[in-house]
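FYI, side chains are in, hydrogens and waters are out, and symmetry mates aren't considered; it's all heavy atoms of this structure. Read the numbers this way: they start at 1 and go in the same order the structure lists the ligands and their atoms.
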Amino acid sequence: MTEEKPIVTSPLQDLLDSNLRWSAMVRRDDPQFFERLAKQQSPKYLWIGCSDSRVPATQIVDLPPGEIFVQRNVANVVSHSDLNCLSAMQFAVDILKVEHIIIVGHYGCGGVQAVLDERRLGLVDNWLRHVGDVAQKHSGVLQALQPMALRNARLCELNAIEQVVNTCHTTVVMDAWERGQKLAVHAWCYSLDDGHMHDLNMHVDSREALHPAHDQALRQLTRLPATPA
Ligand code: ZN
């Protein structure tokens, strides 16, 4: 007599069921979708954003799977010693030949707020020191802003802009420009309140364009009212 195997129900069954419904829906709208996508990905964009669950890449710019290569971490940091981010960037630029790298911050970012509050959260504090460095660099601008929500908004914007500078200084981006590859780096900040993306006027498409673009983005920021979270 053979023993019947118990049927194990996954504790994540609701997600698996949802996935089945989604794949059926996609196939209904476009029967060749998965067949096409399985063969090749050719995204034009690399998205470097915050890990925050409310800021999913393809969904908020209304693009289907296959259109954006994504790297996310707490507070959308580009650190020169982060092999994970640099490897994703190198693959995206050298192999996939993305044409745009978009650094996407978001207003009300908890990582940014932890820096402003000087709150101790644990290991992540070491990671957030990168945002702390941005806050220190722009402390004059930030200290003049009240209430705290405005300060948070401005630091979210400044952080995205400064991470563009870090991105442009990577060997990956420098080498791409050196060999004449078409590549631009941009800063955005997303509003959780209304789902709108804010362009931070930071667009860099060459080594020479970096400093003028940085100066211009900072000038534009001082003219615009910071958007409260
Ligand atoms: Zn965040």
Side-chain angles (χ1 to χ4, degrees), residues 45-63 67-89 92 100-139 141-143 145-168 170 185-202 214 217-218 220-221 224-229:
Y45 313 98
L46 165 62
W47 173 291
I48 301 178
C50 183
S51 299
D52 193 304
S53 62
R54 299 165 294 179
V55 196
T58 44
Q59 207 172 344
I60 59 182
V61 286
D62 199 21
L63 284 176
E67 300 291 331
I68 305 184
F69 199 72
V70 177
Q71 167 73 19
R72 289 167 70 181
N73 60 47
V74 174
N76 45 275
V77 166
V78 176
S79 159
H80 297 117
S81 57
D82 177 8
L83 277 182
N84 185 354
C85 182
L86 292 176
S87 301
M89 194 187 292
H100 302 275
I101 300 176
I102 314 167
I103 309 297
V104 187
H106 68 100
Y107 297 110
C109 181
V112 167
Q113 191 59 43
V115 169
L116 289 171
D117 293 343
E118 297 179 14
R119 207 171 347 135
R120 292 295 303 272
L121 296 172
L123 182 65
V124 73
D125 299 340
N126 299 287
W127 180 252
L128 290 174
R129 271 312 311 160
H130 295 295
V131 183
D133 291 343
V134 176
Q136 210 163 355
K137 184 174 173 184
H138 298 280
S139 59
V141 172
L142 292 169
Q143 273 163 18
L145 284 170
Q146 284 294 348
M148 184 55 98
L150 286 183
R151 206 179 286 185
N152 174 294
R154 185 49 44 92
L155 183 53
C156 290
E157 294 170 335
L158 288 167
N159 184 45
I161 288 170
E162 295 300 337
Q163 301 311 326
V164 167
V165 175
N166 289 349
T167 303
C168 293
T170 60
V185 189
H186 317 269
W188 284 357
C189 203
Y190 175 73
S191 170
L192 298 171
D193 286 343
D194 57 11
H196 288 176
M197 193 65 83
H198 295 242
D199 182 357
L200 298 178
N201 302 297
M202 178 83 172
H214 184 243
L218 294 182
Q220 296 267 13
L221 271 190
L224 295 168
T227 309

K137 bridged to D133 by N-O distance under 4.0 Å
no
Q | D62 CG: over 12 foreign heavy atoms closer than 6.0 Å | A | no
Listing protein N, O or S under 2.8 Å around the Zn ion (ligand 1) gives C50 SG, H106 NE2, C109 SG
Hey, does the side chain of N166 reach the backbone of V78 with a donor-acceptor pair shorter than 3.5 angstrom? yes
* Is the side chain of D125 donor-acceptor paired with the backbone N or O of L121 at a distance under 3.5 Å, no angle test? -> yes
Quiz item: CD of Q59: more than 12 outside heavy atoms within 6.0 angstrom?
Solution: no
Residue set satisfying ring-ring contact (aromatic ring centres under 6.0 Å, His included) with H100, at least two apart, ordered chain then number -> Y45, H186
